[in-house]
Amino acid sequence: MKSQDIRATFLKFFKDKGHLIVPSAPMVTKNDPTLLFVNSGMAPFKEYFLGNGTPKNNRISDSQKCLRVSGKHNDLEEVGYDTYHHTLFEMLGNWSFGDYFKKEGIAWAWELLTEVYKIDKDILYVTVFEGSEDADNLKMDTEAYDIWKQFIPEDRILKGNKKDNFWEMGEQGPCGPCSEIHVDIRSAEEKAKVSGSSLINEDHPQVVEIWNLVFMQYNRKANGTLEDLPNKHIDTGMGFERLCMVLQNVQSNYDTDVFKPIISEIATITGTKYGIDTKQDIAIRVIADHLRAVAFSIADGQLPSNTGAGYVIRRILRRAIRYGFTFLDTKEPFIYRLVAILSTKMGAAFPELKAQKQLIENVIKEEESSFLRTLDKGLILLDGIISENKTKEISGEKVFELYDTFGFPIDLTALILSEKGFTLDEKGFQEELQKQKNRSRAASESSTEDWSILVNDPVEEFIGYDALDADVKITRYRKVTSKKDGEMYQLVFNLTPFYPEGGGQVGDKGYLEDIHGDVIYILDTKKENNVIIHFTKTLPKHLNENFKAVVDKKQRFRTECNHTATHLLHQALREVLGTHVAQKGSAVHSKYLRFDFSHFSKLTLEEISDIEHFVNARISGKIPLEENRNITLKKATEEGAIALFGEKYGDTVRAIRFGNSIELCGGTHVKNTADIWHFKIKSESAVASGIRRIEAITNDAVKDFYSENNKTLLEIKETLNNVKEPVKAIKKIQEENADLQKQIAALLKEKAQNLTGEIDNQLQEINGVQFLAIKVDLDANGIKDLAFEVGKKHQNLFLLFATAPAKDKAMLTCYISKELAKERGYDAGKVVRELGKLIHGGGGGQNFFATAGGKNPSGIAKALEKAQDYLV
RNA sequence: GGGGUAUUAGCUCAGUUGGCUAGAGCGCUACGCUGGCAGCGUAGAAGUCAUCGGUUCGAAUCCGAUAUACUCCA
């Protein structure tokens, strides 16, 4: 059975059981601060389990793309070594939200595996939760055990501990016991030698878990205790790649048709063969796996970067490059060339791969080149370290510096060192790494308390599209403590006019006022698992009373100007540059807006000005806002709205229209484009290969910008005695200035030559040395020039110059011919240090040239007098 | 979010306890030599040493802040 059919069969099976089939949610999470990526099939449905929303159907099924880079088995550094763990994988899942529970969950899983997929019953094992004797004191899941008994002999029902058979979403939240289904695909001979049941959960590559059925029945509170959930849920997840391995009768996920085409392409490009050399095989698996993770992520709009989710993607890609570099001898970018085969093979199930093939290739290629440069640089640094090192062991500190500051991977360092007969202090390195981790952890430490419920009102209504203030009640609140912000409170209302950060638009600020006139400021508004949360520094005194919630109108209005301008900018870009332009991110603040988009080259000044004109034409066109809060996604796209990759949309969406600009958008906008007043692009730059960024301002910010510019211009004009053409005048001044500088240089040279002559005449020979100590009227540079000018003519000079540039400033300069200083052991530095005391100062320099400064010009005479003492 | 490193000529970079009159290679300009492929020689132009502030007689160098880039950790 082909992988595509395996996926389709799964979905059809659950569709027939009354499930709604939904497409995979984007892999990058936007609505959950505790998670960077979707790491399991249930993550996109978290808000339903938390009771913050109602699903469209109480039975849902899908195939979800997931990314895991850490966890029980999925340490990034281990992927590729075995044949059944991945960074990116598909999770087939079926869910019951308060509907069916263990009985159907188990029966259907069994039916699908054994009757539809026709997996031999004898190679299946299941596990159930055995209970725990710790603080939770949970009983064994006999309910699940009794159901399984009907399908499978009891000797293949194993009891598992809390680690394996009790599933938790995080430190808090819904959780419950689970039942895993394992498969043993070893040969009959091996089975005869070692029993399958003894290999369950023992990391055997052919005895693996394929499906986990989670029975959510508890809620874990912040204090660690469990309470029963009012509604019980089913959450299951089956590893798609492993299922393919079983159904295609192969021994490794990498031998399925999911990976095979990619692997053979890698072999072709690198001129290697899969299945011959263990190390090369690992490298090939690493690259095949990581390619998928990186390509899917870029398609979902998450580009490699140096923070957050983007950094995870960069790390994954760099790991692939490293393995290619070390084991497949690839010194040029090549991973980008694999995107073509990936998009051909998976483009049908995941159209975003096909649509964005070009961008994915560009971004990967650019990352590859830049990392290869990093490696080159690191190799040079490492050479330097080796040649300077006195022993055969390189310290952990140095290796860590190479890794931490310059990004040179530790495994490459170790390899190169061992090739050259050096070792490295592994322990020291690990210590440095641990220190770094502790620093980061300490800085981001925070604790979150349980919600205190004041009013039971689970649905918080957003009224901010129509109102900027409202009478509200606080329904619940909690305290959050972090190192950075200290103690903060998060408040939830029964309804709110506050717009939460989202769609690039910043959250509203404002205040809460109670009937006694007490005011609490709302510093930010965010959305978390579908709940709008208001951040305050203090807790209101009278929590149970009514409050007036008021949004900061000025900030909101400025933000709306920028948001609407963003839409017009998007339209302008597609109009001026072409329809290949796609939004890759935007930030809408009150003070400015930022818009990232795909485009292959730097914008010309004409293009920028065309874009500005386009937007400003629509502003002066006074186009009214047409808002449709409840239009089907299908109808909206038919009308010309563009859905973004990596965004999660419901069946009905909100469409925002200004003339021909139509966007699916949850943000707030001005009522008429005329409100924006004016649009001005402030900068255009690159953020990655194939991605450009525009920063722009509107309304008040533009007024400030022009008035600031105008002020500067007026000042310039005034300085130039109000000339009519300041540019011309400045150019003229510049020319004159250059001319004058040349003249001054010539004059100074002449002056120095004259002085040189004078000094020549005044030199006295003392003890075989041409000596002079004299006060001159030059600045520090002039004296320097003079000294070296005279120095060119004589071989045995000892000069001391003094000058008093100001009433309370004095300076001494000592010049001694190099050879003389060397032969006789004279030290100009010592001379000025000692004589410097006479002018109440100090100084130093080299043995042949030194300067000193001080505050007492009246000491100069004495210093000049004492100079010849050094010659004796 | 927290660290580290870097920012010097158009480009790539050197500049070792604060004082070598801020340098090299490539590129550029001029002149000369030269029968091609990165030919050679001589001369020259080009720097607010990222920005702002501090310490010091003196800062490219030390300290602080800001900006940008790279990098590691979360």
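Labels below follow one simple rule: chain letters A, B, ... track the order of the sequence lines, proteins then strands, and each chain is numbered from 1. For clarity, every value in this text was computed on a predicted model and none was experimentally measured.
Under the side-chain contact (heavy atoms from CB on, under 4.5 Å) test applied with A:Y815, the options A:L800, A:L797, A:L772 reduce to a single match, A:L797.
Summarising the geometry, the separation between CZ on A:F400 and P on B:rU5 is reported as 12 Å, rounded to the nearest angstrom. Regarding A:K855, its NZ atom lies at a distance of 10 Å from the C1' atom of B:rU56, rounded to whole Å. Taking atom CZ of residue A:R318 and atom P of nucleotide B:rU71, one finds them 4 Å apart after rounding to whole Å. The distance between atom CG of A:L36 and atom P of B:rC73, rounded to the nearest whole Å, is 14 Å. The distance between atom NZ of A:K435 and atom P of B:rG3, rounded to the nearest whole Å, is 16 Å. Counting to the nearest Å, the P atom of B:rG2 and the CZ atom of A:R439 are 13 Å from each other. The interatomic distance linking A:I839 (CD1) with B:rU56 (C1') rounds to 14 Å, in whole Å. Atom-to-atom, CZ of A:F408 to C1' of B:rU5 comes out at 16 Å; the value is rounded to the nearest Å.
If you check B:rG41 for Watson-Crick or wobble pairing at under 3.5 angstrom, you find it paired to B:rC31. Using Watson-Crick or G-U wobble geometry with both donor-acceptor distances under 3.5 Å, B:rG1 finds its partner in B:rC73. B:rC20: no Watson-Crick or G-U partner with both key distances under 3.5 Å is found in any strand. With both pairing distances under 3.5 Å, B:rA60 is matched to nothing as a Watson-Crick or G-U wobble pair. Across all strands shown, B:rA50 is found opposite B:rU66 as a Watson-Crick or G-U wobble partner, with both distances under 3.5 Å. Within the shown strands, B:rC11 is the pairing partner of B:rG25 under the Watson-Crick or G-U definition, both distances less than 3.5 Å. B:rU55: no Watson-Crick or G-U partner with both key distances under 3.5 Å is found in any strand.
Atom name C1', nucleotides B:rG25 and B:rA69: the rounded distance is 24 Å, in whole Å. Taking atom C1' on both nucleotides, B:rC73 is separated from B:rG27 by 41 Å, rounded to a whole Å. Rounded to whole Å, the C1' atom of B:rG54 lies 11 Å from the corresponding atom of B:rA59. The P atoms of B:rG47 and B:rG32 are separated by 28 Å, rounded to the nearest whole Å. B:rU66 and B:rG3 are spaced 11 Å apart, taking the P atom of each and rounding to whole Å. Atom name P, nucleotides B:rG15 and B:rA24: the rounded distance is 15 Å, in whole Å. Rounded to the nearest Å, the gap between the C1' atom of B:rU29 and that of B:rA65 is 42 Å. Comparing B:rA74 with B:rC62, their C1' atoms sit 32 Å apart, to the nearest whole Å.
Side chain of A:D404, nearest nucleotide from B:rG3, B:rU71, B:rA74: B:rG3.
Between A:K377 and A:Y403, the residue anchored nearer the 5' end of RNA chain B, judged by the nucleotide with its closest heavy atom, is A:K377. With the nearest nucleotide of RNA chain B identified for both A:L433 and A:G853, A:G853 has the one nearer the 5' end.
Note on A:R373: nothing from the nucleic acid sits closer than 4.0 angstrom, heavy atoms only. Counting non-hydrogen atoms under 4.0 angstrom, A:R833 reaches nothing in the nucleic acid. Here A:G836 lies out of heavy-atom contact (under 4.0 Å) with every strand. Nucleic acid contact class of A:A850 (heavy atoms, under 4.0 Å, all strands): none.
For A:F429 and A:Y403, the distance between ring centers is under 6.0 angstrom.
In this structure, a donor-acceptor pair under 3.5 Å is absent between the side chains of A:Q434 and A:Q430.
Distance alone, capped at 3.5 Å, is enough to place a donor-acceptor pair between the A:D289 side chain and the A:T87 backbone. A:R693 places no side-chain N or O within donor-acceptor distance of the main-chain N or O of A:D596, the cut-off being under 3.5 Å.
Annotation: cation-pi pair A:K537/A:Y489 absent, no NZ/CZ under 6.0 Å from the ring centroid and within 45° of its normal. A cation-pi contact links A:K526 to A:F535, judged by a cut-off of 6.0 Å to the six-membered ring centre and 45° from its axis.
Contact annotation: side chain of A:Q436 to base of B:rG2, donor-acceptor pair present below 3.5 Å.
Taking side-chain N and O atoms only, A:Y311 has no distance below 4.0 Å to OP1 or OP2 of B:rA74.
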